[in-house]
Amino acid sequence: MNRTATLRTSKNAFMLLAGTMTRMIASFVFVIYCSAILGVDGFGIFTIATHYLDLFMSLTAAAVGILLTRDIARWPRHLNQLLGTAVALVCLLAGLSPLIMYGISRMFGYSAETHDAMMIAAMALIPAAIAIVLEAVFVALERAEFVTIGSAIDSIVRIGLGVAVLALGYGLNGLMWSLVVVRVLLCIAYLIMLRRLVVVRLTFHRRRAFRFIRRWRVFAAENWMATIYTNLDVILLSWLSGEHAVGLYSAAWKIVRLGTVVAKSYTTAIYPVMSRMFSQSRDSFDNLYRHTIRIMCTLALPAIAVITVIPDRMIDLIFEPEYAEAAAVLQVLIWVLLIEFLNPFLSHVLFAQGKQERSMIVAAISLSVNLVATYLLIESFGAVGAAAGTILGGFVATCCYLSFANPPQQIMLTAWGVLRVFCAAAGLGLAVANTRDLPWLAIIPLCVVVYTLLLFLVGAVRLDDVRYFKTTFLNRATTP
């Protein structure tokens, strides 16, 4: 890879990350406003409806988008034929999805308000699915800045229109219709931007379309399994415990999701370096693997320690008093942050080693564990049980990833480094527990100072770690 290609790839990854962060931050701000206006039950209904929208958007278009990006990158002259097949496929799947959503709503016995919100959300599926396909085209053409522009348009219009609808008193259904309008506008904006890059004339080639669909089935199987796994908690909770429990659970989950942006950006940045290292030097690959696991734990565990000790203060800081019960959920669910850091990275370790089929096995195992554990725990503990089931399924996946990716000796070396970080985080949690009544402006600098000192004291971080990542990551990432 020459320097120009490296810079282009880095820019592409950065623009995608910027778009993701823009959408995440804007969504978080909007969620806080919605939670205050709608109340716990209304927020629970809103969460269920948007959750099913996101679920079926992924089921209908995510795998198509992944395959389309690869195929256009390989055969750019067939762009219109590939795009025509992809659009036809997602429109077919998105057209059938409302029927499935209707059946789920009736089977789970959702309230009339939840059913109506889900059916309105289903109206956004076709434009939303087409928008995902068009985003895949932009990525394939290495023009991800258009995706960032689309994310900005989506965030600004969705928040502005949503706030206006709620302020004017149109309530939950008005808010859901605003989501439909936003998805239509985003789809139109992407079409206009695409026409600036290429001549769009959708065509259909029967043999090429059938080959595309055959390849898509493999991508779809893995994507659907992973998608169902990540959405299982809210689906089961909404079925077994109702909208109020979902509202509390979602409030806690929104806080946890802020940290997943950091996790995703780290994995995105380190993956190409890791892939090159595996083919060049196994020792360098192993060193990078151990350092990365330790650094990820170093980033995730302090947030986990603090929120585990004072979850009530975090909920009070962000949400209205009626969400106070979400503190117990957050105290358990915050441990998902560590799983969100580790599991995507560990799956990419398998990809770098050429062991993709093992990632599929891990997905199947963790999905099975998550399904059984979450169902049983929700029946006994409600929203807290949903959090515990999610953590259990994720922890099983982490153990499987570690065993598939490393020999026992490597696991022991990694575990010893992680144990040191756990000790530092435990010390931080103890310090915060004894100063929990201090104002936030005092707690934050206290956490930074105490955690930094403890990391060096227990030997979890050393000065040569900084030099290692400077030479290993920065230098190699820019070396042709």
Side-chain angles (χ1 to χ4, degrees), residues 10 13-14 17 20-21 256-278 281-308 334-353 394-395 397-399 401-402 405-406 409-429 447-479:
S10 300
F14 174 79
L17 175 61
T20 301
M21 292 184 67
V256 177
R257 285 200 66 185
L258 287 176
T260 64
V261 177
V262 179
K264 183 176 180 179
S265 64
Y266 194 101
T267 299
T268 301
I270 206 73
Y271 179 57
V273 183
M274 184 170 57
S275 298
R276 286 200 298 271
M277 278 189 175
F278 185 76
S281 170
R282 184 58 190 266
D283 288 339
S284 297
F285 177 85
D286 290 342
N287 286 334
L288 179 63
Y289 169 84
R290 289 196 300 271
H291 276 74
T292 299
I293 292 292
R294 187 155 50 85
I295 291 298
M296 285 185 162
C297 290
T298 303
L299 294 174
L301 285 173
I304 293 172
V306 172
I307 293 179
T308 299
I334 188 60
W335 287 90
V336 171
L337 183 61
L338 182 60
I339 295 170
E340 289 291 327
F341 264 86
L342 293 178
N343 286 2
F345 170 74
L346 292 172
S347 69
H348 281 70
V349 170
L350 292 178
F351 296 157
Q353 295 174 334
F395 177 72
T398 303
C399 293
Y401 280 130
L402 288 170
N406 303 280
Q409 184 178 4
Q410 177 80 338
I411 295 175
M412 292 302 297
L413 289 173
T414 304
W416 180 244
V418 171
L419 181 60
R420 294 173 182 268
V421 181
F422 264 99
C423 291
L428 173 64
C447 290
V448 172
V449 173
V450 170
Y451 188 58
T452 302
L453 291 175
L454 287 173
L455 285 174
F456 282 97
L457 183 64
V458 301
V461 173
R462 300 175 295 274
L463 292 177
D464 63 342
D465 290 331
V466 179
R467 291 191 292 270
Y468 177 84
F469 265 90
K470 180 180 178 181
T471 57
T472 301
F473 178 68
L474 295 179
N475 291 351
R476 286 180 178 268
T478 57
T479 300

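Keep in mind that this is a model prediction, so the values were computed, not measured. We use all heavy atoms of the structure for the numbers below, so side chains are in, but hydrogens, waters and symmetry mates are not.
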Subject >> Nearest heavy-atom neighbours spanning L301 and A425 >> reply: CB-CB, 3.7 Å

Original post:
Atom CG in L342, atom OG1 in T398: separation rounded to 0.5 Å?
Top reply: 5.5 Å

**OP:** For residues N343 and G394, report the shortest heavy-atom separation together with the two atoms involved.
**Re:** ND2-O, 3.2 Å

Subject >> Candidate list V448, L428, V450, T452, test side-chain contact (heavy atoms from CB on, under 4.5 Å), partner P302, passing option >> reply: L428

Original post:
Taking all atoms of both residues into account, what is the closest heavy-atom pair of I334 and A303, and its distance?
Top reply: CG1-O, 4.3 Å

Original post:
Once you round to the nearest 0.5 Å, how far does CG of L299 lie from CG of L337?
Top reply: 9.5 Å

Original post:
Between atom CG of L455 and atom CZ of R420, what is the distance when rounded to the nearest 0.5 Å?
Top reply: 11.5 Å

**OP:** Taking the side chain as every heavy atom from C-beta outward, state whether L453 and L457 have any pair of such atoms under 4.5 Å apart.
**Re:** no

Original post:
Does F341 reach the side chain of V336, with side-chain heavy atoms less than 4.5 Å apart?
Top reply: no

**OP:** Identify the two heavy atoms, one from A424 and one from L454, that lie closest to each other, and give their separation to 0.1 Å.
**Re:** O-CD1, 3.4 Å

Original post:
Can any side-chain N or O of Y451 pair as donor or acceptor with the backbone N or O of T298 at less than 3.5 Å?
Top reply: yes

Subject >> Atom pair CZ/CD1 of F345 and I293 - distance to nearest 0.5 Å >> reply: 5.0 Å

